[in-house]
Amino acid sequence: NAGVMQNPRHLVRRRGQEARLRCSPMKGHSHVYWYRQLPEEGLKFMVYLQKENIIDESGMPKERFSAEFPKEGPSILRIQQVVRGDSAAYFCASSGTSGRLSDTQYFGPGTRLTVL
Amino acid sequence: AQTVTQSQPEMSVQEAETVTLSCTYDTSESDYYLFWYKQPPSRQMILVIRQEAYKQQNATENRFSVNFQKAAKSFSLKISDSQLGDAAMYFCACHAETYKYIFGTGTRLKVLA
């Protein structure tokens, strides 16, 4: 019974490069959420996706950030032209098929992005 | 807008003693859930306990229990018989809108041997 999986666990990029973070939800889950945790802060919501649809991206920076959850394969959070301020831990969570308030979100182990 | 406030950046407790971590929240929703998550140095987010707002009874999970005061919008976590493995960051979170969890800034718990 695998939980939410994220890879890589650690990612180092130089300024201007692209970062691609992957998230495989728990088996049977079709709702994926991305959160960002800046140093010494709590997690902040970025985007909510269902299969092939972005439901809410109100927490995503307007530029350089994008997310997708294709019909097949993991969800991808993509950061183009990374800057030092993008250094953070990025967490993915998933929930059951209904996406209701009562559905608990289960978190993955996170990807720690370091931008040099 | 929802907010979650953890006013204790750091707490210490002696092994085997009891400690209480504070959390207050604000939401205009009538239906919501509250959580405490533990984040050890591995940074994995581990669900400690969950409370449904419409339930009067305080949630309990082994050595972890909450004091949920709905009128005061307070949701504190009590850890009994503290163990060295309890040392971690603890985050309080509110889930009121359908998909957004709102997290506090965390409390770092140190357990002294």
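Treat the numbers as computed from the prediction; the structure is a model and nothing was measured. Order of the sequence lines fixes the chain letters, A, B, ..., with proteins taken first and strands second; residue numbering starts at 1 for each chain.
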Can you confirm whether more than 12 heavy atoms, excluding those of [X], are under 6.0 Å from its [atom1] atom?
X	atom1	value
A/Lys51	NZ	yes
A/Arg15	CZ	no
B/Lys73	NZ	yes
B/Lys55	NZ	no

If two hydrophobic side chains count as joined below 4.5 Å and joins carry through other members, does [X] share a cluster with [Y]?
X	Y	answer
A/Met26	A/Met5	no
B/Phe64	B/Tyr37	no
A/Tyr48	A/Phe91	yes
A/Leu21	A/Leu116	no
A/Val82	A/Val12	no

- [ ] Tabulate, in ascending numerical order, the residues of residues 68-76 of chain A having at least one heavy atom closer than 4.5 Å to a heavy atom of chain B, or enter 'none'.
- [x]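 The stretch does not come within 4.5 Å of chain B.
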
Task: Residue, of A/Gly59, A/Gly108, A/Ala93, A/Ala89, that accumulates the most heavy atom pairs under 4.5 Å with chain B - done: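 Among A/Gly59, A/Gly108, A/Ala93, A/Ala89, the one with the most close pairs to chain B is A/Gly108.
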
Pairwise side-chain contact, [X] with [Y], heavy-atom cut-off 4.5 Å (strictly under):
X	Y	result
B/His95	A/Thr104	no
A/Tyr35	B/Phe103	yes
B/Phe91	A/Gln37	yes
A/Glu40	B/Arg108	yes
B/Lys100	A/Ser58	yes

Task: Side-chain donor/acceptor of A/Glu41 to backbone N/O of B/Gly106, under 3.5 Å - done: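 Not confirmed, A/Glu41 side chain does not pair with B/Gly106 backbone.
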
Task: Short side-chain to backbone donor-acceptor contact, A/Tyr106 and B/Leu47, under 3.5 Å - done: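 Side chain of A/Tyr106 to backbone of B/Leu47: no pair is present.
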
TODO: Compute the ring centroids of B/Tyr101 and A/Tyr33, then answer whether they are less than 6.0 Å apart.
DONE: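 So the answer is no for these two rings.
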
TODO: For chain A, find which of B/Met45, B/Arg43, B/Gln39 contributes the most heavy-atom pairs closer than 4.5 angstrom.
DONE: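 Among the listed options, the one with the most contacts to chain A is B/Arg43.
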
- [ ] Hey, could you give me the CG/CD1 distance between A/Leu43 and B/Ile102, rounded to the nearest 0.5 Å?
- [x]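 Rounded to the nearest 0.5 Å, the CG-CD1 separation comes to 11.0 Å.
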
Task: Heavy-atom proximity to chain A below 4.5 Å, by part of B/Ala93 - done: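 The answer is neither part of B/Ala93.
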
- [ ] Spell out the residues in residues 2-35 of chain B that have some non-hydrogen atom less than 4.5 Å away from a non-hydrogen atom of chain A, in order of number; otherwise answer 'none'.
- [x]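 Residues of residues 2-35 of chain B touching chain A at under 4.5 Å: B/Asp31, B/Tyr32, B/Tyr33, B/Phe35.
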
